[in-house]
Amino acid sequence: GDNWGSEDTRRCIELLERGDEMGQLAAAAQLHQLRQAARPAVPTLLSALPNSPLAVHRQILHALSAIGDHRPEVMAAFVRDLTNQYPTLRIQGIQCLSQAGKAAQPYEAELVRALNDRVPWFRANAAKALGVPNARVNTLAKRVPREMEKPYLETLRRSPEARGVDWRET
């Protein structure tokens, strides 16, 4: 086990570190194709994320999801984008979380909050990540106050319109 993975992964890491947009875009797309073999690139993908242009940011999330590494820093990156100002990044973040399966469970409170996003498709993916059937999504979303304070899950459990709802229902 060479720690840096394949030659392809190594080349992608170099492109990401160089920092030009087209190179980063190409590198993230290639890492997405390599899936689990690209695992050594995860730290580089994460460090390229904060200041990346929109298209690169989206492609990095896509690559991280395909690699399937659910370490806390990766999950935190997905969760951070749930409140991103750009709908495309919110959608990408929720999609990554819904594909992460059980690894998304510690972020239940953030996912519950996401049930009230204004984008219906986003709400559906939040529900999927929570393990709630799609038929229940809109019913649940209507019970989530638009402006909800943290901690979301506790606030929700205390709110009169949300009482009696089993948020874990499958």
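Pairs of residues two or more places apart, or lying in two chains, that qualify as salt bridge (Lys or Arg N to Asp or Glu O under 4.0 Å) and include a residue from residues 76-93 are Arg90-Asp117. Within the structure, salt bridge (Lys or Arg N to Asp or Glu O under 4.0 Å) pairs that include any residue of residues 91-101 do not occur (at least two apart or interchain).
In this structure, CG on Asn84 lies 4.5 Å from CG on Leu89, to the nearest 0.5 angstrom. We find the CG-CG distance between Leu49 and Leu45 to be 8.5 Å, quoted to the nearest 0.5 Å. Distance CG/Asp8 to CG/Leu34: 5.5 Å, rounded to 0.5 Å.
You'll find the side chain of Ile67 stays beyond 4.5 Å of the side chain of Gln36, heavy atoms only. The shortest side-chain heavy-atom distance between Leu111 and Leu115 does not fall under the 4.5 Å cut-off. Side-chain contact between Leu46 and Leu64: present, with at least one pair of heavy atoms (C-beta onward) separated by less than 4.5 Å. Within the 4.5 Å cutoff, the side chain of Gln59 has no heavy atoms near those of the Gln92 side chain. For the pair Cys12/Glu17, no side-chain contact is recorded, criterion being any heavy-atom separation below 4.5 Å from C-beta on. Residues His32 and Arg35 meet the side-chain proximity criterion, which asks for heavy atoms closer than 4.5 Å. In this structure the side chain of Gln24 never reaches within 4.5 angstrom of the side chain of Leu15, judged on heavy atoms.
Qualifying side chain to side chain contact (heavy atoms under 4.5 Å, CB included) partners for Ile91, counting only residues two or more places apart in sequence or in other chains: Val119, Trp121, Phe122.
Counting heavy atoms of neighbouring residues, nucleotides and ligands inside a 6.0 Å radius, atom CG of Asp20 exceeds 12 of them.
Judged by distance alone, the side chain of Ser65 and the main-chain N or O of His62 form no donor-acceptor pair under 3.5 Å.
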Inset, instruction - Might you work through the side chain to side chain donor-acceptor pair (under 3.5 Å) test for Thr44 and Ser47, ending with a clear yes or no? - result: CA-CA 5 Å; Thr44 312; Ser47 61; 5.3 Å; no

Inset, instruction - Check step by step if side-chain contact (heavy atoms from CB on, under 4.5 Å) holds for Met75 and Leu97. - result: CA-CA 7 Å; Met75 300 305 287; Leu97 280 168; 3.6 Å; yes

Inset, instruction - Start with the C-alpha distance between Glu14 and Arg11, add both sets of side-chain angles, then the distance that settles salt bridge (Lys or Arg N to Asp or Glu O under 4.0 Å), and finish with yes or no. - result: CA-CA 5 Å; Glu14 287 167 14; Arg11 203 178 61 250; over 6 Å; no

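Closest heavy-atom contact between Tyr107 and Ala76: OH-N, 4.3 Å. The two residues Ala38 and Thr9 come nearest to each other via the heavy atoms CA-OG1, 3.9 Å.
Ion pair Glu110/Arg113 not flagged as a salt bridge, since none of the NZ, NE, NH1 or NH2 atoms sits closer than 4.0 Å to an Asp/Glu carboxylate oxygen.
Residue Ile60 is grouped with residue Leu82 when hydrophobic side chains (ILVMFWY) are merged at heavy-atom distances under 4.5 angstrom, including chains of intermediate members.
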